[in-house]
J.: 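Before anything else, here's the structure in question.
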2 protein chains.
Amino acid sequence: MTQHSPQIKKGRKYDQVVTGARSVFLREGYEGASVDAISRAAGVSKATLYSYFPDKKLLFLEVATSECLRQAELARIQATSGQSVRATLLDVAQRVTAFTLSAFGQQVFRICVAESDRFPELGRAFYQSGPDRARAHLTEYLAEAVARGELAIDDCRLAADQFFELCRADLFYRLLFNVKDSVTEAEVTRVIDAAVDTFLARYRAPV
Amino acid sequence: MTQHSPQIKKGRKYDQVVTGARSVFLREGYEGASVDAISRAAGVSKATLYSYFPDKKLLFLEVATSECLRQAELARIQATSGQSVRATLLDVAQRVTAFTLSAFGQQVFRICVAESDRFPELGRAFYQSGPDRARAHLTEYLAEAVARGELAIDDCRLAADQFFELCRADLFYRLLFNVKDSVTEAEVTRVIDAAVDTFLARYRAPV
DNA sequence: CGCAAAGTGAACCGGGCGGTTTAGAGTGGT
DNA sequence: ACCACTCTAAACCGCCCGGTTCACTTTGCG
């Protein structure tokens, strides 16, 4: 889980710092998270923190981009070789909504939206490592299904975008704007079933 | 345009204050907007500003909720009596994307997302006066079309949500995350045409 | 052990913030 | 002319923030 890999990271408390920073940033946002609070949460002195990261901005970027990469992993489509198109789409929908609607995914999204003009590269990083990658995977899968004659799509990229949008329905926004604070399993399956139905109604290959 | 209506608003520079606050809040966000900057932008002394609004939070809420109401007006569906379903949907799509994708709509959304846990009531206000109202209108229209036998929908509310999601496609997120800074007319029509096509493929009444 | 590297904690700095005060300058009704 | 009211400009307050410094302790390795 911990990453010992990269070259120039010095001491032993690096992961502590990043973990603490992640929790505080996710809870408070960028401006709301004071460096003192972060060092406290990390169980590390402020001096130590600053020995790893020259300033708050860099620390935030490290946390944010690592979260983006983590998100990207979840978006990966399994080798769903044997499955039907419908089953595969349902699987993808489940995976992406699970992350999107989780409290954690919410906060990542929230912060990326909020800070993406203070940190323009953050918005792009999030988009590229998250939605963009997920879309690329699904697009590829759709193209293969088209080649097999199972789907009839002229623009697979657009179709993939449509599918992800359909999976959100309004559940996403209801959570995002604090209209409700959680979402039931039944609501999710209702939405993603409808998403798959609508998608296939448009793109299923004619008999 | 200016609102003389409510009861307890004292002096003549009220609108100046609100207008200046709006521009700065939209540009900088809540934390980023200093009261000094706002008073400067409003062409008003800080003392005057504080004579209208007891603190920064109240000023922000005034600006934000007034923007939400303004947004709600735009979401209203015209009396589209004579039109075909397809034409009406295209019209709705055009209207909603025009606001959603505008720089102004972007910023309103951004701020509401960012501040909706610091100001929980703000998120709800935005959702209710914006997306919720738009969905209600479209739901009503869809139900009428079903009654006329032009559409076949079992859950009009969910269908309306799906339609709005389809209209966004990924254009919205590409703007939100600074992947691109503007969007061409052609891209929009391509997306909303596809949205209407997909929607009708699922919900058009069988012959 | 001995010693250097890493970590600690608390004090400290400059600055910007939200918010208040004050002394005085426009403004308008009678 | 007068006065009550509004507005202005700038100084000011206390606070918290990001970041630095320093004297000190802990850790780990030969």
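A note on names: the letters A, B, ... follow the listed sequences, proteins ahead of strands, and every chain is numbered from 1. What you see is a predicted model; the values in this text were computed from it and never measured.
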J.: Round to a whole Å and report the spacing from CG of A:Leu49 to C1' of C:dA6.
T.: 14 Å

J.: Is A:Arg168 salt-bridged to B:Asp161, cutoff N-O under 4.0 Å?
T.: no

J.: Show me the pairs that pass side-chain hydrogen bond (donor to acceptor under 3.5 Å, both in side chains) and involve residues 175-184 of chain B, at least two apart or across chains.
T.: B:Lys180-B:Glu187, B:Thr184-B:Glu187

J.: Which of parallel (below 30°), tilted (30 to 60°) and perpendicular (above 60°) describes B:Phe119 and B:Phe60?
T.: tilted

J.: Under the salt bridge (Lys or Arg N to Asp or Glu O under 4.0 Å) definition, can you give me all pairs with a residue in residues 23-33 of chain A, not counting sequence neighbours?
T.: A:Glu31-A:Arg118

J.: Return the set of residues passing side chain to side chain contact (heavy atoms under 4.5 Å, CB included) with A:Leu61 (not counting sequence neighbours), or none when no residue passes.
T.: A:Glu121, A:Leu122

J.: To the nearest angstrom, how far is A:Asp15 atom CG from C:dG7 atom P?
T.: 12 Å

J.: Apply ring-ring contact (aromatic ring centres under 6.0 Å, His included) to A:Tyr127 and list each qualifying residue two or more places apart in sequence or on a separate chain.
T.: none

J.: Once salt bridge (charged side-chain N to carboxylate O under 4.0 Å, His left out) is applied, do any residues pair with A:Lys46, and if so which ones, sequence neighbours excluded?
T.: A:Asp36

J.: Taking only the side-chain heavy atoms of A:Ala47 (C-beta and beyond), determine which of D:dC7, D:dT8, C:dG9 contains the nearest atom.
T.: C:dG9

J.: Roughly what angle, to 10°, lies between the helix axis at the start of the helix from C:dC1-D:dG30 to C:dT30-D:dA1 and the one at its end, five pairs per end?
T.: 10°

J.: The criterion is side chain to side chain contact (heavy atoms under 4.5 Å, CB included); which residues satisfy it with B:Ala195, sequence neighbours excluded?
T.: B:Leu166, B:Cys167

J.: Do any of residues 30-46 of chain A sit with a heavy atom less than 4.0 Å from DNA chain D, and if so which?
T.: A:Ala33, A:Ser34, A:Val35, A:Lys46

J.: Send over the distance from A:Arg12 CZ to C:dT8 C1', rounded to a whole Å.
T.: 11 Å

J.: Which residues pass the salt bridge (charged side-chain N to carboxylate O under 4.0 Å, His left out) test with B:Arg86, not counting sequence neighbours?
T.: B:Asp197

J.: Please state how far atom OH in B:Tyr50 lies from atom P in C:dT20, giving the value in whole angstrom units.
T.: 7 Å

J.: Could you note down all residue pairs passing salt bridge (Lys or Arg N to Asp or Glu O under 4.0 Å) where residues 99-110 of chain A supplies at least one of them, sequence neighbours left out?
T.: none

J.: Under 4.0 Å between a side-chain N/O of A:Lys13 and OP1 or OP2 of C:dG7, yes or no?
T.: no

J.: When you measure from every atom of DNA chain D, which of residues 21-28 of chain B have a heavy atom less than 4.0 Å away?
T.: none

J.: Can you find a side chain N or O atom of A:Tyr52 that sits less than 4.0 Å from OP1 or OP2 on C:dA6?
T.: no

J.: Taking ring-ring contact (aromatic ring centres under 6.0 Å, His included) as the test, write out the residues that go with A:Tyr203, two or more places apart.
T.: A:Phe199

